2 protein chains.
Amino acid sequence: MKYEAVTIKDIAKELGLSTSTVSRALRDSYEISPETKKMVLEYAEKINYRPNPIALSLKEKRTRSIGIVVAEIANSFFSQIINGIESIAYDKGYNVIITQSHESFERELINVQYLASRSIDGLLISLASETRDLSHLKHLHERGYPIVFFDRIVDEIDTHKVIVDNKKGGYDATKHLIESGYKHIAALANAEYLSITRDRLGGYQAALEDHKIKYDESLVKFCLHGGLVYDEVEQALDSLFKQKKKPDAIFAAADKLTTNCLRYFKARGIRVPQDIAVIGFSNIDLTELLSPSLSVVRQPAFEMGQVATELLLNLIESKRPVKDFETKMLQPDLFIRESTSRKK
Amino acid sequence: MKYEAVTIKDIAKELGLSTSTVSRALRDSYEISPETKKMVLEYAEKINYRPNPIALSLKEKRTRSIGIVVAEIANSFFSQIINGIESIAYDKGYNVIITQSHESFERELINVQYLASRSIDGLLISLASETRDLSHLKHLHERGYPIVFFDRIVDEIDTHKVIVDNKKGGYDATKHLIESGYKHIAALANAEYLSITRDRLGGYQAALEDHKIKYDESLVKFCLHGGLVYDEVEQALDSLFKQKKKPDAIFAAADKLTTNCLRYFKARGIRVPQDIAVIGFSNIDLTELLSPSLSVVRQPAFEMGQVATELLLNLIESKRPVKDFETKMLQPDLFIRESTSRKK
DNA sequence: TTCGTTACCGGGAACGATTGCGTAAAAAAA
DNA sequence: TTTTTTTACGCAATCGTTCCCGGTAACGAA
C-alpha cells in the first residue's frame with residue numbers, strides 16, 4: 001500500500017507557480033509578494049503539506065537525529081538515561097532513535113551500522129557486554145563521526161565520555177558491608193573486560209585493602225551478559241556457595257545481577273540479610289518495595305543522559321574538528337536499606 | 001564537524017567510470033563485465049563504501065523503518081512489547097524507531113508527526129492517556145498510511161488492532177477478590193475514556209454483578225496519567241479512604257497504578273493484605289520479589305508486539321489498499337500471590 | 001563489405017527541497 | 001524620456017542513488 005504524500009510540486013502545479021517560489025513562500029522569503037505567500041500558505045495548509053525530511057536530509061547532509069545504543073531499554077538505568085537524553089535532544093530540535101543491543105556484539109554491530117550510515121548526526125553508546133572488538137566504532141571515529149560514550153566506555157577511542165565514579169560506588173558499597181560486620185564479601189560482576197566491571201571491582205578491592213581484608217579471587221564471579229539471563233547468575237552463585245569459604249555478603253555490580261541474586265536467594269530459602277547481605281548497583285525504582293528492601297548504589301542516570309547529549313550536540317554542531325575530549329564523572333549515591341542491615 | 005561520507009561518485013571518479021556503471025556493478029548487474037565488477041567491488045570495499053539510505057529512501061519512497069509510540073519505555077509492559085516488535089521487524093529487515101509520549105497528548109502529536117512525515121513506512125501506537133483528539137491519526141489513516149493500534153485502541157479508526165481481553169482480566173481479578181472473601185472492592189483506573197479503562201472496569205463491574213454485589217461508583221477512581229505521577233494516585237487513594245465505606249480490597253487497572261498503590265500503603269503503614277488486598281494489571285518481572293509478593297493480571301506483551309508488527313508489515317507490503325481489518329485479542333494470565341491471600 | 005548481435009558502458013532524468021543567479025516588468029530616479 | 005533600481009518570480013544545479021534510454025565497440029554471419 002503506497003502512501004502518496006503531498007509535495008511542493010503539487011502546490012506549484014495547482015497554483016501555477018514554480019517550485020522555487022513555493023519553497024520561498026513557505027519559508028517566508030522577502031522575495032515573495034504578500035499575496036503569493038498568502039495563497040501558497042493557505043493552499044499548503046488546506047492540503048496538509050509537510051516538508052519531506054528525507055529530501056531535506058539528503059540536501060543538507062544532516063538529519064537532526066541522534067542515535068542511541070543501549071543494552072536493554074527494560075533496564076531502569078538505561079530507560080532513565082534515555083529520558084535524560086530526550087529531555088535535551090528535543091529542546092534542541094533533535095529526534096532520538098533508540099536501539100538495543102541486548103548485550104550482543106552482533107546486534108550492536110548491526111545497530112551501529114544502521115545508525116551510522118547517515119541516518120543520524122551522532123551516536124550515544126553504552127557498549128554491549130559481549131563487545132571486545134571495537135573496529136566498527138574506531139572506523140567511524142577516525143572519520144570524524146561524532147560519538148559519545150556513556151556508562152560502559154573504552155580507553156582505545158578518544159572522544160567525549162560520561163561515567164559515574166564506579167570505583168567510588170564499589171568502594172562505598174564494600175566499605176558499608178565491612179563496617180556492618182561482614183567478613184566474607186563476594187562480588188558478582190559483569191563481563192571482566194568492561195570498564196564498569198574493572199572500576200567497580202577496583203573499588204571493591206580498594207575497600208578490602210583499606211580494611212586489611214585479603215582479596216580472595218574465588219569470591220569474585222563474572223557474568224558475561226550482566227545477569228540478563230538468570231542461568232548465568234545461578235551458575236555463578238552455585239559455584240560461590242559450593243566453596244568451603246562461604247560468603248556472608250555479596251556486592252552485585254549491576255542491576256540485573258542484583259535482582260537475580262534476590263531471586264536466587266528467595267528460590268532457595270536463603271534469607272537476606274540474615275544468611276547473606278546484599279548490596280548492588282541498581283536504578284530500579286521499586287527497591288524500597290522489595291522484600292527485603294534493597295541497599296543500592298544508585299547512579300544519576302537521567303543526568304548522565306543529559307550530560308552525554310550536551311557533549312554530543314557540541315560535537316555535532318562544532319564547526320571545526322574537535323580534538324580536545326573530556327571525560328565527565330558523576331557521583332553515585334549510596335542508599336542503605338534492610339538487605340544489608342547490621343550483622344548481629 | 002562535518003562527516004564526509006564516501007559516495008558512488010567517488011568510486012566512479014577514481015575508477016574512471018560513470019555512476020551508473022558503478023551502481024550496476026555494486027548491484028551485480030549482468031550488464032557489467034566481471035573485471036569491472038571486481039574492480040568496483042574491491043575499491044568499494046577498500047574505501048568502506050556504504051550506500052546512503054537517505055538517498056535510497058528518497059528514491060524508493062520507503063525507509064524500511066517502522067515507528068512506535070508508547071507511553072513509557074520504562075514501563076515493563078511496553079518494553080516487553082517493544083522487544084516483541086523488534087523480534088519480528090528485524091527478521092523482516094525493518095528497523096524500529098521508538099518514541100515515548102509520556103502520556104502527553106502534545107508529545108504524542110509531535111512524535112506522530114515526526115514519524116509520519118515519511119521517515120517511516122508504518123506506525124504502531126498505543127495512545128497516550130491524555131489523548132482524546134484523534135484527528136492527527138485520522139488524517140493519516142484516511143490517506144492510507146499504515147497504522148496498527150495496540151493496547152490502547154480506538155473505535156473511531158478502522159484498522160488492525162491488537163489487545164488483550166481486558167474485560168476478562170478485570171473480571172478474573174475481581175472474581176478472585178470476591179471469592180477470597182473481600183466485600184468492598186475498590187477500583188483504580190487510568191483515564192476514563194481509554195479503551196483499556198472501559199474494558200477492565202467493565203470486567204470489574206460484571207464480576208460484581210455476577211456475585212450479586214452492588215456496583216458502587218464511589219469506590220472507583222480515575223488517574224488521568226495512569227499513575228505516572230505519584231500524586232495522582234495519592235489523591236485518588238486519599239479520597240477513597242476518606243469515605244465512610246472503606247474498601248478492603250483494591251483492583252488497580254495498570255502497572256504504575258499498582259506499584260504506586262503499594263508505595264502508598266507502605267508509606268502509611270497500611271498492611272497488605274491484612275488491611276487491604278491488592279491485585280493489579282502488571283508486567284513487571286519483580287512481582288514475586290515485592291513485599292508482599294503481588295497478585296497480578298499479566299498481559300502477553302511480547303506476543304502482543306509480535307502480532308501487531310506482523311499485522312503492520314502486512315499492511316505495508318500489501319499491493320492494494322487493505323479494507324478488511326481485524327482486531328486480535330490475546331488472553332491475559334492471572335497470578336495469585338500474597339497480596340490477595342484469603343481474608344480470615 | 002555490410003548488417004545484426006551481443007556485451008558494456010555512459011548520459012540524464014527522477015526522487016523533494018533549497019538556493020544562487022538571471023531576468024522580466026514595474027517603479028523610481030535621472 | 002531614459003536610465004536605474006526594485007520587485008517578484010523562474011531556471012537549473014545540488015544532494016546520492018537508480019534506471020530508462022541510448023550508444024559504441026567487437027565479432028560473426030551473410
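The model shown is predicted, which means the values in this text are computed figures rather than measured ones. Chain naming here is simple, since letters A, B, ... match the order of the sequence lines and numbering starts at 1 in each.
Shown here are the ring-ring contact (aromatic ring centres under 6.0 Å, His included) partners of Tyr193(B), two or more places apart in sequence or in another chain: there are none.
Ion pair Arg152(B)/Glu103(B) flagged as a salt bridge, since at least one NZ, NE, NH1 or NH2 atom sits closer than 4.0 Å to an Asp/Glu carboxylate oxygen. Checked for salt-bridge contact, Glu142(A) and Lys138(A) miss the test: no charged N lies under 4.0 Å from a carboxylate O. Here Lys46(A) does not pair with Glu42(A) in a salt bridge; the nearest charged N to carboxylate O distance is not below 4.0 Å.
Counting to the nearest Å, the P atom of dC8(C) and the NZ atom of Lys38(B) are 16 Å from each other. What separates NZ of Lys61(B) from C1' of dG16(C) is a distance of 9 Å, to the nearest Å. Between the C1' atom of dT17(D) and the CD1 atom of Ile11(B) lies a distance of 12 Å, rounded to the nearest Å. With rounding to whole Å, Asn52(B) atom CG is found 13 Å from dT18(D) atom C1'. Atom P of nucleotide dC19(D) and atom CD1 of Ile8(B) are separated by 11 Å, given to the nearest angstrom. Atom-to-atom, CG of Leu56(A) to P of dT19(C) comes out at 9 Å; the value is rounded to the nearest Å. One atom, CD1 of Ile47(B), and another, P of dG16(D), lie 13 Å apart when rounded to the nearest Å. Atom C1' of nucleotide dA14(C) and atom CG of Leu58(B) are separated by 9 Å, given to the nearest angstrom.
Candidate nucleotides dT17(D), dG16(C), dT18(C) were compared by shortest atom distance to the side chain of Lys9(A), and dG16(C) ranks first.
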Are there any protein N/O atoms within less than 3.5 Å of an N/O atom in nucleotides 5-10 of chain D, and if so, which ones and at what distance?
residue : atom : partner  : partner atom : Å
dC9(D)  : OP1  : Thr36(A) : OG1          : 2.6
dC9(D)  : OP2  : Ser33(A) : N            : 2.9
dC9(D)  : OP2  : Ser33(A) : OG           : 3.1
dC9(D)  : OP2  : Thr36(A) : OG1          : 3.2
dC9(D)  : N4   : Glu31(A) : OE2          : 2.7
dG10(D) : OP1  : Ser18(A) : N            : 3.2
dG10(D) : OP2  : Ser18(A) : N            : 3.0
dG10(D) : OP2  : Ser18(A) : OG           : 2.7
dG10(D) : OP2  : Thr21(A) : OG1          : 2.0
dG10(D) : O6   : Arg24(A) : NH2          : 2.9

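Taking only side-chain nitrogens and oxygens, Lys59(A) never comes nearer than 4.0 Å to OP1 or OP2 of dG16(D).
Across Asp121(B) and Thr63(B), no two heavy atoms sit closer than the pair OD1-N, 2.8 Å.
With hydrogens and angles left out, the side-chain atoms of Glu72(A) and His102(A) include a donor and acceptor closer than 3.5 Å.
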